[in-house]
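Only one structure is covered here, and it is reproduced in the block below.
Because only heavy atoms are used, hydrogens play no part in the values below, and waters and symmetry mates are left out as well, while side chains stay in. Start at 1 and go down the list; that is how both ligands and their atoms are numbered.
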Amino acid sequence: MKFLVLNGPNLNMLGIREPGIYGKSTFSDLLNLLEETAREEGLELEQYQSNHEGCLVDKIQEAYGKVDGIVINPAAYTHTSVAILDALKAVSIPAVEVHISDVDAREPFRQISYPGLACIKTIKGQGLDGYRQAILYLKQYLS
Ligand code: DQA
């Protein structure tokens, strides 16, 4: 089973950006967590982070026919990107949306998710562990 983990803008700044909201763990801690989870679960996992909407769309399109499941934190594009929503719909790969923070408890504009409309599940407010939970959920969903 092969999964693609996608992270949107500013998530490469984890540990530096707003630690009161996103915690002190760094992006490299997240990559270690993903690697460890993939190893434990016997999964092949590719990760990709971009600050550019079109690059994320390209990566989703490239996953067609090659990837069994997608874990995506579209970050700020969550609240604006019909393009990412359409890309997820186009490839029809089961996807789980992750947010490190509890977006529902924040500003009203963060309570809208376009990519989430094409996802089988959304995990929010669980910190970095949300990614692990998303991987486990997808694995079970596909088994
Ligand atoms: C986020 C929440 C978004 O609202 C924000 O723009 C992010 C991160 C999260 O993981 O909590 O960049 O997706």
Side-chain angles (χ1 to χ4, degrees), residues 1-41 43-64 66-142:
M1 225 179 261
K2 180 168 178 178
F3 290 174
L4 172 65
V5 179
L6 290 174
N7 278 298
N10 301 306
L11 289 168
N12 55 317
M13 299 288 282
L14 282 177
I16 299 165
R17 89 181 272 218
E18 302 180 88
I21 295 175
Y22 299 110
K24 287 184 183 158
S25 300
T26 63
F27 187 62
S28 135
D29 292 332
L30 172 59
L31 299 187
N32 289 337
L33 171 82
L34 295 177
E35 255 180 43
E36 194 185 299
T37 308
R39 200 173 41 243
E40 280 170 8
E41 298 299 322
L43 299 164
E44 197 184 332
L45 191 146
E46 181 185 351
Q47 76 78 29
Y48 179 76
Q49 187 276 331
S50 179
N51 295 323
H52 306 279
E53 184 177 21
C55 295
L56 293 162
V57 169
D58 286 345
K59 203 70 192 173
I60 293 167
Q61 290 186 6
E62 282 164 23
Y64 181 70
K66 296 184 192 135
V67 161
D68 303 298
I70 294 176
V71 172
I72 182 165
N73 183 346
Y77 290 135
T78 304
H79 318 299
T80 61
S81 184
V82 177
I84 292 177
L85 165 64
D86 285 349
L88 290 171
K89 282 184 166 178
V91 297
S92 284
I93 299 170
V96 174
E97 178 186 24
V98 173
H99 296 290
I100 296 166
S101 66
D102 181 5
V103 278
D104 289 341
R106 298 179 63 191
E107 302 96 322
F109 69 83
R110 292 189 202 273
Q111 287 159 37
I112 292 164
S113 170
Y114 290 100
L117 297 172
C119 292
I120 55 170
K121 188 176 174 65
T122 297
I123 295 171
K124 10 185 166 179
Q126 302 293 307
L128 297 192
D129 194 61
Y131 290 84
R132 196 186 58 84
Q133 292 175 30
I135 290 168
L136 297 182
Y137 185 89
L138 260 181
K139 186 185 171 191
Q140 197 172 10
Y141 177 86
L142 290 164

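The backbone N or O of Ala75 lies less than 3.5 Å from a partner atom in the side chain of Thr78, making a donor-acceptor pair. For Tyr64 (side chain) and Ser92 (main-chain N/O), no donor-acceptor pair under 3.5 Å exists by modelled atom type.
Remark: Lys89 engages no residue in a salt bridge (charged side-chain N to carboxylate O under 4.0 Å, His left out) (not counting sequence neighbours). Here Glu44 pairs with Lys2 under the salt bridge (charged side-chain N to carboxylate O under 4.0 Å, His left out) rule; sequence neighbours left out. Not counting sequence neighbours, Glu36 has no partner by the salt bridge (charged side-chain N to carboxylate O under 4.0 Å, His left out) test.
Heavy-atom neighbours of Glu107 CD from other residues, nucleotides or ligands within 6.0 Å: above the threshold of 12.
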Could you list, one pair per line, each nitrogen or oxygen of ligand 1 together with any protein nitrogen or oxygen closer than 3.5 Å, giving atom names and the distance rounded to 0.1 Å?
from: ligand 1; atom 1: 4 (O); to: His79; atom 2: NE2; distance (Å): 2.7
from: ligand 1; atom 1: 4 (O); to: Arg110; atom 2: NH1; distance (Å): 2.8
from: ligand 1; atom 1: 6 (O); to: Ala76; atom 2: N; distance (Å): 3.3
from: ligand 1; atom 1: 6 (O); to: Arg110; atom 2: NH1; distance (Å): 3.1
from: ligand 1; atom 1: 10 (O); to: Asn73; atom 2: ND2; distance (Å): 2.9
from: ligand 1; atom 1: 10 (O); to: Ile100; atom 2: N; distance (Å): 2.8
from: ligand 1; atom 1: 11 (O); to: Ile100; atom 2: N; distance (Å): 3.2
from: ligand 1; atom 1: 11 (O); to: Ser101; atom 2: N; distance (Å): 2.9
from: ligand 1; atom 1: 11 (O); to: Ser101; atom 2: OG; distance (Å): 2.6
from: ligand 1; atom 1: 12 (O); to: Arg17; atom 2: NH1; distance (Å): 3.1
from: ligand 1; atom 1: 12 (O); to: Arg17; atom 2: NH2; distance (Å): 3.0
from: ligand 1; atom 1: 13 (O); to: Asn73; atom 2: OD1; distance (Å): 2.8
from: ligand 1; atom 1: 13 (O); to: His99; atom 2: ND1; distance (Å): 2.8

